[in-house]
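A, B, ... follow the sequence lines: proteins, then strands. Residue 1 opens every chain.
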There are 2 protein chains.
Amino acid sequence: MRGETWVDADIDELCLSFLVRQAWLNMRGAMDGALSGLGLSVAQYASLLVLADQPGITIADLARAVASTRQSANELLAGLADQGLVERRRHPTDGRSQQVFLTDAGRERLEEARPVVRERERELEAGFSQEERRLARQWLRRMTGDQPA
Amino acid sequence: MRGETWVDADIDELCLSFLVRQAWLNMRGAMDGALSGLGLSVAQYASLLVLADQPGITIADLARAVASTRQSANELLAGLADQGLVERRRHPTDGRSQQVFLTDAGRERLEEARPVVRERERELEAGFSQEERRLARQWLRRMTGDQPA
DNA sequence: CTCGCATTGACAGGAACCTTACGTTCTTGG
DNA sequence: CCAAGAACGTAAGGTTCCTGTCAATGCGAG
């Protein structure tokens, strides 16, 4: 722990969570930088991905899909709606909820963003083998709590 | 992406950053839960670790060590000072800055917290080999930007 | 020595998230 | 069918982080 940050073998074993935090912060910075030209944050990009995969998802389900709260999801959607990238419609059978859809502009923005993000992430991972990448993802998925021991 | 969250092979490749985010969020929740009985958050714990390793570090350097801002670091230190775990002293040779030290109570709190955190993180990683853990850390360090390609 | 630039901790305001609570709607067991 | 409990989107307030700015201090080149 003599460098700029304490990303060091010893400290990793004392607070692994913080290493993950720093990885996330740096990746977020890199992705936000890459996406800024498209007017998107990484959180917005991720939400567009979910919406592309699940058209008509409700705000509550979107929140769950991105491990967030309904309030946060709704606020983020408001920003995307302001950009004309998503639209919210009354749910056809559930009077409590709304369905969210990508607009054409939203789909186009997403298609523009994908290669940008993929390229940046590929750069970050340069030098790691396919197997090492697979292992890293497996490890991360475990850390998300979605894959039991 | 049919589960509770979109922690899924396909989406990982479309937004790896978000997978890291979700790992961090879950780990933070787990650590905060484990540390709550000690009145610490994971961020506070991490700062105590830095202070134990670098007694007398300045607020600005602590902020850099945890990849944060001076303001955030100072606010976090205020909370720790309120608990009597750290103290800030005028720097002996630099009229702008202050040095931060652990108090005895701070050192004791840290010693109590270490095994708690280590145990929770060990549980999260159960089933991964030593080599797999090493690889995951190597990958994470790369993602922090502190280890070039 | 001087001066332009950089750094410091603190102030002010904002962003992005959270929790709590609400009225409305839905679900389900009796 | 009914009532208790759950879920919905939204409002309100709070927390934790950020950025921009400030006055004071430090650094280094000329």
Side-chain angles (χ1 to χ4, degrees), chain A residues 4 17-18 21-22 24-29 31-33 35-36 39-47 56-83 86-101, chain B residues 4-5 17-18 21-22 24-29 31-33 35-36 39-47 51 56-83 86-101:
Chain A
E4 296 266 309
S17 311
F18 233 59
R21 168 186 178 267
Q22 291 188 275
W24 156 237
L25 291 180
N26 191 55
M27 290 178 88
R28 185 181 65 183
M31 297 307 121
D32 282 347
L35 290 168
S36 63
L40 293 175
S41 67
V42 60
Q44 288 175 322
Y45 170 73
S47 295
I57 194 171
T58 62
I59 297 171
D61 281 335
L62 176 64
R64 278 186 283 273
V66 297
S68 182
T69 64
R70 289 169 293 154
Q71 175 66 20
S72 296
N74 201 25
E75 281 172 11
L76 185 143
L77 284 171
L80 290 175
D82 286 347
Q83 289 188 59
V86 304
E87 60 184 353
R88 284 165 287 192
R89 297 184 207 149
R90 205 178 307 184
H91 199 287
T93 61
D94 186 337
R96 298 167 301 184
S97 64
Q98 301 175 37
Q99 291 185 299
V100 194
F101 297 91
Chain B
E4 295 267 307
T5 67
S17 311
F18 233 57
R21 168 185 179 269
Q22 291 188 272
W24 156 235
L25 291 180
N26 190 56
M27 291 178 87
R28 185 181 65 182
M31 296 309 119
D32 282 348
L35 290 167
S36 63
L40 293 177
S41 67
V42 59
Q44 288 175 322
Y45 170 73
S47 295
L51 289 171
I57 193 171
T58 63
I59 297 171
D61 281 335
L62 175 65
R64 278 187 284 273
V66 297
S68 183
T69 64
R70 290 169 289 152
Q71 175 65 19
S72 296
N74 202 21
E75 281 172 9
L76 185 142
L77 284 171
L80 290 175
D82 286 346
Q83 289 189 56
V86 305
E87 60 183 355
R88 285 167 286 193
R89 297 182 206 151
R90 205 179 308 186
H91 199 286
T93 60
D94 185 338
R96 299 167 300 181
S97 63
Q98 301 175 38
Q99 292 186 298
V100 192
F101 298 91

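- Protein atom CZ of B:R89 is 16 Å distant from nucleotide atom P of C:dG9, rounded to whole Å.
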Below 3.5 Å, can you tabulate the donor-acceptor pairs from side chains in residues 66-73 of chain B to any protein atom, sequence neighbours excluded?
unit_1: B:T69; atom_1: OG1; unit_2: B:S72; atom_2: N; d: 3.1
unit_1: B:T69; atom_1: OG1; unit_2: B:S72; atom_2: OG; d: 3.1
unit_1: B:Q71; atom_1: NE2; unit_2: B:E75; atom_2: OE2; d: 2.5

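- Straight-line distance from the CG atom of B:L62 to the C1' atom of D:dC17: 15 Å, rounded to whole Å.
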- Task: Might you work through the side-chain contact (heavy atoms from CB on, under 4.5 Å) test for A:Q99 and A:H91, ending with a clear yes or no?
- Result: CA-CA 5 Å; A:Q99 291 185 299; A:H91 199 287; 3.5 Å; yes

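- Residue A:T93 is in sugar-phosphate contact alone, with no base atom involved, counting any heavy-atom pair closer than 4.0 Å across all strands shown.
- Taking side-chain N and O atoms only, B:S72 has a distance below 4.0 Å to OP1 or OP2 of D:dC18.
- Figure legend: cation-pi geometry between A:R88 and A:F101 absent, as NZ or CZ is not positioned both under 6.0 Å from the six-membered ring centre and within 45° of its axis.
- Atoms CG (A:L25) and P (C:dA16) sit 15 Å apart, rounded to a whole Å.
- With B:Q98 contributing its side chain and B:G56 its backbone, the two residues share no donor-acceptor pair below 3.5 Å.
- Per the geometry, CG belonging to B:L77 stands 14 Å off P belonging to C:dT8, to the nearest Å.
- Both B:G95 and B:T69 sit near DNA chain D, but only B:T69 has its closest nucleotide nearer the 5' end.
- For the pair B:E75 CD and C:dA10 P, the interatomic distance rounds to 11 Å; values are reported in whole Å.
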Give each protein N/O atom lying under 3.5 Å from an N/O atom of nucleotides 7-11 of chain D, with the pair distance.
unit_1: D:dA7; atom_1: O4'; unit_2: A:R96; atom_2: NH1; d: 3.4
unit_1: D:dA7; atom_1: N3; unit_2: A:R96; atom_2: NH1; d: 3.3
unit_1: D:dC8; atom_1: OP1; unit_2: A:R64; atom_2: NH2; d: 2.8
unit_1: D:dC8; atom_1: OP2; unit_2: A:R64; atom_2: NH1; d: 3.4
unit_1: D:dG9; atom_1: OP1; unit_2: A:I59; atom_2: N; d: 3.1
unit_1: D:dG9; atom_1: OP2; unit_2: A:A60; atom_2: N; d: 3.0
unit_1: D:dG9; atom_1: O3'; unit_2: A:Q98; atom_2: NE2; d: 2.9
unit_1: D:dG9; atom_1: N7; unit_2: A:R70; atom_2: NH1; d: 2.5
unit_1: D:dG9; atom_1: O6; unit_2: A:R70; atom_2: NH1; d: 3.1
unit_1: D:dT10; atom_1: OP1; unit_2: A:Q98; atom_2: NE2; d: 3.0
unit_1: D:dT10; atom_1: OP2; unit_2: A:N74; atom_2: OD1; d: 3.0
unit_1: D:dT10; atom_1: OP2; unit_2: A:N74; atom_2: ND2; d: 2.3

- Are A:W24 and A:V42 close enough, and set up right, to give a side-chain contact (heavy atoms from CB on, under 4.5 Å), and what steps lead you there? CA-CA 11 Å; A:W24 156 237; A:V42 60; 3.9 Å; yes

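- Note on B:S68: a side-chain N or O is less than 4.0 Å away from OP1 or OP2 of D:dC18.
- Regarding B:W24, its CH2 atom lies at a distance of 19 Å from the P atom of C:dA16, rounded to whole Å.
- At a cut-off of 3.5 Å, with distance as the only test, no side-chain donor of B:R21 or B:N26 sits close to an acceptor on the other residue.
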- Message: Determine whether B:L77 and B:V100 satisfy the following criterion, side-chain contact (heavy atoms from CB on, under 4.5 Å), listing intermediate values before the conclusion.
- Response: CA-CA 9 Å; B:L77 284 171; B:V100 192; 3.8 Å; yes

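- Atom CZ of A:R28 is separated from atom C1' of D:dC18 by 9 Å (rounded to the nearest Å).
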